[in-house]
Amino acid sequence: MAASLDPDEAKRMDRRSRAMLGELPPDFLRLGIGERPAGAGDQTNNLTDPNTGLPLTQQQIQERLDEQAALALFHQLNAQPAPRAHYQAPVNVRGRLLISVMQAKLVKNYGMTRMDPYVRLHVGHNIYETPTDVNGARNPKWNKTIQCFLPNGINQIYMEIYDECNFSVDELIAHAKINIPDEIFKGETSEEWYPLSGKQGDGKEGQILLVFSFMAAPAGPPSQNAGGFVPYTGPAAPAGKQHPHKVYLSNQPVNAAVPQEVNRPTFNEDDFKQLKEMFPNMDEEVVRSVYEAAGFDKDASVNALLQMCE
């Protein structure tokens with residue numbers, strides 16, 4: 001009596017019996033000259049020469065495809081760019097406020113280990129945070145520039161310094177209410193040390209260095225479709241990660257305004273000086289290169305330099 005085969009061996013033998021053995025046919029995985037894949041809708045569907053009526057060779061078909069690809073690339077590279085949308089600030093906004101949080105000098109390191117401080121700023125109803133200076137302790141440095149819109153009627157910001165904790169709630173170290181300097185609304189830049197309050201008493205917790213600057217909103221009636229930066233005011237980031245609340249561009253449509261005559265800006269010494277004051281830690285040649293690359297557009301230069309600082 002013949003022994004029964006193992007089930008796995010029987011399956012292998014069955015698959016082997018259905019396999020094709022020997023030489024592959026010469027037309028295996030090849031398309032004939034007159035064959036085209038289904039759905040091909042380009043101009044090569046006509047595979048005969050219109051002059052001679054003879055079938056095209058494979059080389060002639062490839063030449064036609066190359067010509068079509070080159071023509072499409074030419075049109076793509078020479079397409080006219082879309083006109084830039086006219087910028088308008090959100091309604092009920094005085095202008096754009098830039099706050100550079102530089103460093104702090106604290107009087108005490110709370111806890112058994114070195115503190116990991118970060119700054120939280122309240123501007124109106126919006127909240128912004130800097131990254132954490134790990135092991136910053138009593139002399140943290142952030143060098144972080146925060147850009148936000150300043151609502152009408154807001155002339156004071158509230159600032160807090162927290163110690164980031166891994167296994168507990170972040171501890172408040174110091175706080176201060178800071179009046180927005182009046183001179184920034186005249187085109188100047190303000191750099192000043194501000195006293196901090198906390199457990200040691202009012203104005204006795206240390207000092208923080210802040211740099212303020214301001215750019216007024218463009219003139220003109222507000223638009224219902226005006227777009228702008230909308231700060232995210234959700235909860236703080238988890239411990240160990242960066243804290244800045246992201247600033248997103250509104251997805252609302254913007255009314256496009258195409259001027260008939262474009263006056264190209266030229267180098268402005270006052271704008272360049274203000275850019276250097278806004279970014280004191282950035283090399284002057286870098287600021288100049290960004291200003292020139294932006295076509296001497298001050299707002300575009302500020303946005304580019306802010307992205308470089310992040």
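Numbers here simply count residues along the sequence, with the first being 1.
Here the side chain of D133 pairs a donor or acceptor atom with the backbone of K141 at under 3.5 angstrom. With hydrogens and angles ignored, the 3.5 Å screen pairs no side-chain donor or acceptor of R94 with any backbone N or O of N152. Of the possible polar contacts, one joining the S197 side chain to the G203 backbone as a donor-acceptor pair under 3.5 Å is found. With D163 contributing its side chain and M115 its backbone, the two residues share no donor-acceptor pair below 3.5 Å.
In this structure, M102 and V211 have side chains that are in contact, with non-hydrogen atoms separated by less than 4.5 Å. Inter-residue side-chain proximity for I157 and I99 is flagged as met; some heavy-atom pair is nearer than 4.5 Å. Side-chain contact check for K105 versus E205: every heavy-atom pair is 4.5 Å or farther apart. Contact of the I146 side chain with the V119 side chain is not registered, since no non-hydrogen atoms from C-beta on lie closer than 4.5 Å. When side chains are defined from C-beta on, E191 does not count as touching E277, because their heavy atoms never get closer than 4.5 Å. Proximity of V93 to L150: side-chain heavy atoms (C-beta onward) are nowhere separated by under 4.5 Å. A heavy-atom distance below 4.5 Å is not found between the side chains of S301 and F272. Counting heavy atoms from C-beta outward, Q59 and I61 have side chains that stay 4.5 Å or more apart.
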Inset, instruction - Tell me, with the steps shown, if L98 and F212 meet side chain to side chain contact (heavy atoms under 4.5 Å, CB included). - result: CA-CA 6 Å; L98 284 86; F212 287 90; over 6 Å; no

Inset, instruction - Tell me, with the steps shown, if L97 and C148 meet side chain to side chain contact (heavy atoms under 4.5 Å, CB included). - result: CA-CA 5 Å; L97 179 67; C148 60; 4.2 Å; yes

Inset, instruction - Test side chain to side chain contact (heavy atoms under 4.5 Å, CB included) on V302 and M278 and set out the steps. - result: CA-CA 9 Å; V302 170; M278 292 180 188; 3.9 Å; yes

Inset, instruction - List the steps, then state whether side-chain hydrogen bond (donor to acceptor under 3.5 Å, both in side chains) holds for D270 with Q274. - result: CA-CA 6 Å; D270 294 337; Q274 191 170 10; over 6 Å; no

Inset, instruction - I would like to know whether K108 and R138 meet side chain to side chain contact (heavy atoms under 4.5 Å, CB included); could you show each step before the answer? - result: CA-CA 6 Å; K108 185 177 179 179; R138 294 173 51 194; 5.7 Å; no

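A parallel orientation is assigned to the rings of Y162 and Y118, their planes being inclined by less than 30° (bins at 30° and 60°). Note on ring orientation: taking the six-membered ring where Trp is involved, the planes of F267 and F296 are perpendicular (angle over 60°, cut-offs 30° and 60°).
No continuous path of hydrophobic side-chain contacts links Y128 to L209 [ILVMFWY only; heavy atoms under 4.5 Å]. Grouping the Ile, Leu, Val, Met, Phe, Trp and Tyr side chains by contacts below 4.5 angstrom, directly or via other members, places V101 apart from V134.
Interatomic distance, CD1 of I184 versus CE of M215, reported as 11.0 Å (0.5 Å rounding). Here CD1 of I178 is found 6.5 Å from CD1 of I208. Values are rounded to the nearest 0.5 Å. The line from CG of N281 to CG of N143 is 4.5 Å long, rounded to the nearest 0.5 Å. Distance NE2/H122 to CD/Q156: 12.5 Å, rounded to 0.5 Å. Distance OG/S213 to CD/E183: 11.5 Å, rounded to 0.5 Å. With rounding to the nearest 0.5 angstrom, the CG atom of L275 is 11.0 Å from the CD atom of E284.
The minimum heavy-atom distance linking D170 with C165 is given by the pair OD1-N, 3.0 Å. Nearest heavy atom pair, residue S190 against residue P181, reads OG-CG, 3.5 Å. Shortest non-hydrogen contact noted between N135 and D116 is N-OD1, 2.7 Å. Residues Q60 and P55 share a closest heavy-atom pair of OE1-O, 4.3 Å. Contact between W193 and Q207 at its shortest, heavy atoms only, is CE3-CB, 3.6 Å. Counting all heavy atoms, side chain and backbone alike, A137 lies closest to P117 at O-CG, 3.7 Å.
Crowding of K276 atom NZ: a count of heavy atoms from other residues, nucleotides or ligands under 6.0 Å exceeding 12. Within a 6.0 Å sphere centred on CG of D202, heavy atoms belonging to other residues, nucleotides or ligands number 12 at most.
Relative to the six-membered ring of Y158, R120 misses at least one condition, a distance below 6.0 Å or an angle of at most 45° to the axis.
With respect to the salt-bridge test (charged N to carboxylate O, under 4.0 angstrom), the residues R12 and E9 qualify. Using a 4.0 Å cut-off between a side-chain N of Lys or Arg and a carboxylate O of Asp or Glu, K199 and E171 qualify as a salt bridge.
Using modelled atom types, one finds a donor on one side chain and an acceptor on the other under 3.5 Å when comparing S100 with T145. For the residue pair T132 and E164, a side-chain donor N or O sits within less than 3.5 Å of a side-chain acceptor on the partner.
For the side chain to side chain contact (heavy atoms under 4.5 Å, CB included) with L196, the lone residue among K204, M159, H175 that qualifies is M159.
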